[in-house]
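Input: a single structure, listed below in structure tokens.
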Amino acid sequence: MRAHLAALVCLAALLLYPVVNPWQPYPQAVLLLGFLLAIQATSWNIISGYAGYVSLGHSMFLGLGSYTVGILALRWGVNPLWVAPLGGVVATVIAVLIGSVVLRTRGHAFVIITIAMLLAAQIIAVNSRDLTRGSDGITLELPFWHRDFQNIPFYYAFLLLLVLTVLFSAWIRRTKFGTGLVAIREDEGKAASIGVDTTRFKVVAYAASAFFIGVAGGVYAYYLTFINPVGSFAILGSVTIVLAALAGGRGTLYGPVIGAFLVNLVSEAATVYAGGVQSRVLLFGGALVLVVVFLPKGLLPAVEAWWRRPAPVEFIEPVRVRERVPRPPPSPGDVLLSVRGVSKRFGGLVAVDDVTLDVRQGTITALIGPNGSGKTTLFNLVTGGLPADSGEIWFDGRRVDGLRPWRRCHLGLGRSYQVTRLFKEMTVQENVVAPLADSRWRTLLSDAVHGHEAERARELLDLVGLRRFAGQPAGALSYGQQKLVELAQVLMLEPRLILLDEPAGGVNPSLLGHLTEVIRELNASGVTFLVVEHNIPLVLDLCDPVAVLAGGRLIAEGPPGFVRESPVVLEAYLGDDWQPAVS
Ligand SMILES: Nc1ncnc2c1ncn2[C@@H]1O[C@H](COP(=O)(O)OP(=O)(O)OP(=O)(O)O)[C@@H](O)[C@H]1O
């Protein structure tokens, strides 16, 4: 709230500045270039700050916007200012085309390809002489307003674009789409497993990060009245954007704006006092290293962390699940999940060997077996984290083994992990809001902070007894609490089947009782479970039926009593001297 207030005060001051100080073209020009850099850094932040995919060629979109209006002005004599939004449209379309190919990959390939695209754009601009006049560049008409107004109209045009860019970025961050982007940054595999269509999210974020830069490029071309390939597609421009966002605070709303003004001031100082471009390259390179080493999260997060030291998180006394009327578990129904002859090899190792297993609706089915017997691998095959080498997987009467993880999730398949994989930099509530039960635009653009989705997340936190931790960073909770949050996260998907991977692992006894109570309650309300667990007394108490894996093969399956007595299971897993601690 205080940050928004400070931003409004700054905005009012910037709006008034040319009015109270109209005869100062130089400071106006410095501010105007600051706005331009801030527009670029804020836009860059959408793909590289929120989603974590660093682009080193983002100034390409400025050049595309400039050339769009430059070419239109050259061919049809239109005023560049009126067609500047078309610069944004062209930049967005090119971003969708590039992103659809590049963003299917993960990680570093994207960084390298963004640089390559910038250089390719420069080469195309040089060689398409008919369209761009090649290295000679395009000269545009002078501004249509009277000389006395100097650059003031440009000043307000860039300021308006900056305000729109910041509002756009803030809106994105508030939506479930924005939460999904942060989820991708923190753990892309996990994001896919909670229903985030990662490819689509990245492409949309990349396109969204191009639009306002393209529009600004159009206005910038008019401001310069001259564009050429070297100036429009310069790598230094991209480095400056990255430096501004990193210095201010990547992933924050105002950090890139603050960083842009700082970097712009340094850049001006280099021009005035140290001879221009050469010194700037040196200075920016050095500054980038210093920022990465000493302020890895950027200036704004560092100041915030110092300003409001977080209150210590209260640790748990036994939390209460909301009052409930106990109901008997539903009687087993039709087959919900059917694994048919599924195998998975890792090199020479057969981790899952021709496994056939049915999970019936309404059951809490256990999957047990010694370490390394293939339980987690089987979970990964079912949820789509790994492709199966052979066999079929059917869910709710539909074959799913060819579907991407988020599609399986949207069909009602949720999972938790052996070692919790919460998004540690998000709050507990954001973690619970993040999952997506479908990928309709209406859902993606719904508010993650207020409204129906946030309210549902709070209800689920109530269910697991952790509502009062809603605003805490997820990483600050105890391990057992994190397991409960992960369960609430899965429940946001309203799944029909939940795969729980070692829910009891590392959880203290009081929380464990709590967790099993929640599982029972959910089961009574119709949710089916497949549970991997080494705590055998818990399994025998909670689950029916029980399936046993050993060496990747299914060696036994049946009610708990049968499995407990089975000689094959005793030999392969439990041991002859096994005695249940709880009967
Ligand atoms: N990505 C991988 N690459 C290579 N080998 C793997 C991979 N994932 C699992 N394995 C191997 O496959 C086998 C089965 O592993 P998996 O994790 O599925 O067993 P598990 O039954 O879940 O074990 P635990 O009870 O210890 O969690 C193990 O030998 C493991 O080392």
Side-chain angles (χ1 to χ4, degrees), residues 105-107 187-193 198 337 339-359 364-393 400-401 404-405 408 413-422 479-480 482-483 486-487 490 497-507 512 515 519 529-540 542-543 545-557 560 563-564 566 568-575 578 581:
T105 60
R106 284 191 195 180
D187 185 343
E188 192 164 342
K190 163 84 190 227
S193 83
T198 53
L337 174 74
V339 176
R340 302 179 187 170
V342 165
S343 297
K344 179 72 188 174
R345 285 177 168 275
F346 295 111
L349 175 86
V350 187
V352 173
D353 190 2
D354 195 22
V355 169
T356 293
L357 174 73
D358 283 345
V359 176
I364 304 180
T365 302
L367 184 63
I368 61 171
N371 293 114
S373 57
K375 305 179 294 295
T376 298
T377 305
L378 189 63
F379 266 26
N380 289 335
L381 299 176
V382 170
T383 54
L386 286 172
D389 294 337
S390 58
E392 296 178 4
I393 299 167
V400 296
D401 48 270
R404 307 296 294 268
R408 301 185 200 196
L413 204 61
R415 77 167 291 183
S416 74
Y417 288 85
Q418 188 173 351
V419 177
T420 55
R421 281 171 70 175
L422 290 181
Y479 189 69
Q482 289 189 27
K483 287 232 160 187
E486 201 168 55
L487 181 60
V490 177
L497 172 65
I498 301 181
L499 280 63
L500 292 179
D501 200 346
E502 298 195 24
V507 178
L512 188 56
L515 189 68
I519 294 172
F529 285 89
L530 178 60
V531 182
V532 162
E533 187 48 69
H534 284 291
N535 181 336
I536 299 303
L538 177 77
V539 167
L540 299 179
L542 183 70
C543 306
V546 178
V548 189
L549 276 183
R553 297 189 73 89
L554 193 72
I555 58 164
E557 198 183 357
V563 167
R564 193 169 42 202
S566 161
V568 186
V569 178
L570 289 173
E571 187 190 331
Y573 183 36
L574 299 178
W578 185 80

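Both counts, for ligands and for their atoms, begin at 1 and track the order of listing. One is the number of the first residue; the rest follow in order along the sequence.
Given atom 1 (N) of ligand 1, the protein heavy atom at minimum distance is F346 CE2, 3.6 Å. From the protein, the heavy atom lying nearest to atom 26 (O) of ligand 1 is N371 ND2, 2.8 Å. Considering only non-hydrogen protein atoms, atom 23 (O) of ligand 1 sits nearest to G372 N, 2.9 Å. Taking atom 17 (O) of ligand 1 as the reference point, the nearest protein heavy-atom neighbour is T376 CB, 3.8 Å. When hydrogens are left out, the protein atom nearest atom 21 (O) of ligand 1 is K375 NZ, 2.8 Å; that is the closest non-hydrogen contact. The protein heavy-atom contact nearest to atom 29 (O) of ligand 1 is L349 CD2, 3.5 Å.
Side-chain N/O atoms of Q418 and T376 include a donor and acceptor closer than 3.5 Å.
The structure places OG1 of T365 at 9.0 Å from CG of L337, a figure rounded to the nearest 0.5 Å. Interatomic distance, L413 CG to T383 OG1, rounded to the nearest 0.5 Å: 7.0 Å. How far CD1 of I498 is from CG of L487: 6.0 Å, rounded to the nearest 0.5 Å. Here the CG-CG distance, from L515 to L500, works out to 7.5 Å after rounding to the nearest 0.5 Å.
By the 4.0 Å heavy-atom criterion, S373 is counted among the residues contacting ligand 1.
When each atom of ligand 1 is checked for a heavy atom of E502 under 4.0 Å away, the hits are 25 (O), 27 (O). Each of the atoms 27 (O) of ligand 1 lies under 4.0 Å from some heavy atom of Q418. Which parts of ligand 1 touch T377 is read off a 4.0 Å heavy-atom cut-off, strictly below it: atoms 9 (C), 14 (C), 15 (O), 16 (P), 18 (O).
The salt bridge (Lys or Arg N to Asp or Glu O under 4.0 Å) test applied to E533 returns no partner, not counting sequence neighbours.
Paired with E486 under the rule side chain to side chain donor-acceptor pair (under 3.5 Å), one option of K190, R415, R421 passes, and it is K190.
Formation of a donor-acceptor pair under 3.5 Å by the R408 side chain with backbone atoms of V400 is found in this model. Without hydrogens or angle criteria, K375 side chain to I368 main chain gives no donor-acceptor distance under 3.5 Å.
Of the N or O atoms in G369, none lie within a sub-3.5 Å distance of an N or O in ligand 1.
Counting heavy atoms only, G374 comes closest to atom 19 (O) of ligand 1 of the residues G374, P370, G347.
Note that atom 31 (O) of ligand 1 has no protein non-hydrogen atoms nearby, at separations under 4.0 angstrom.
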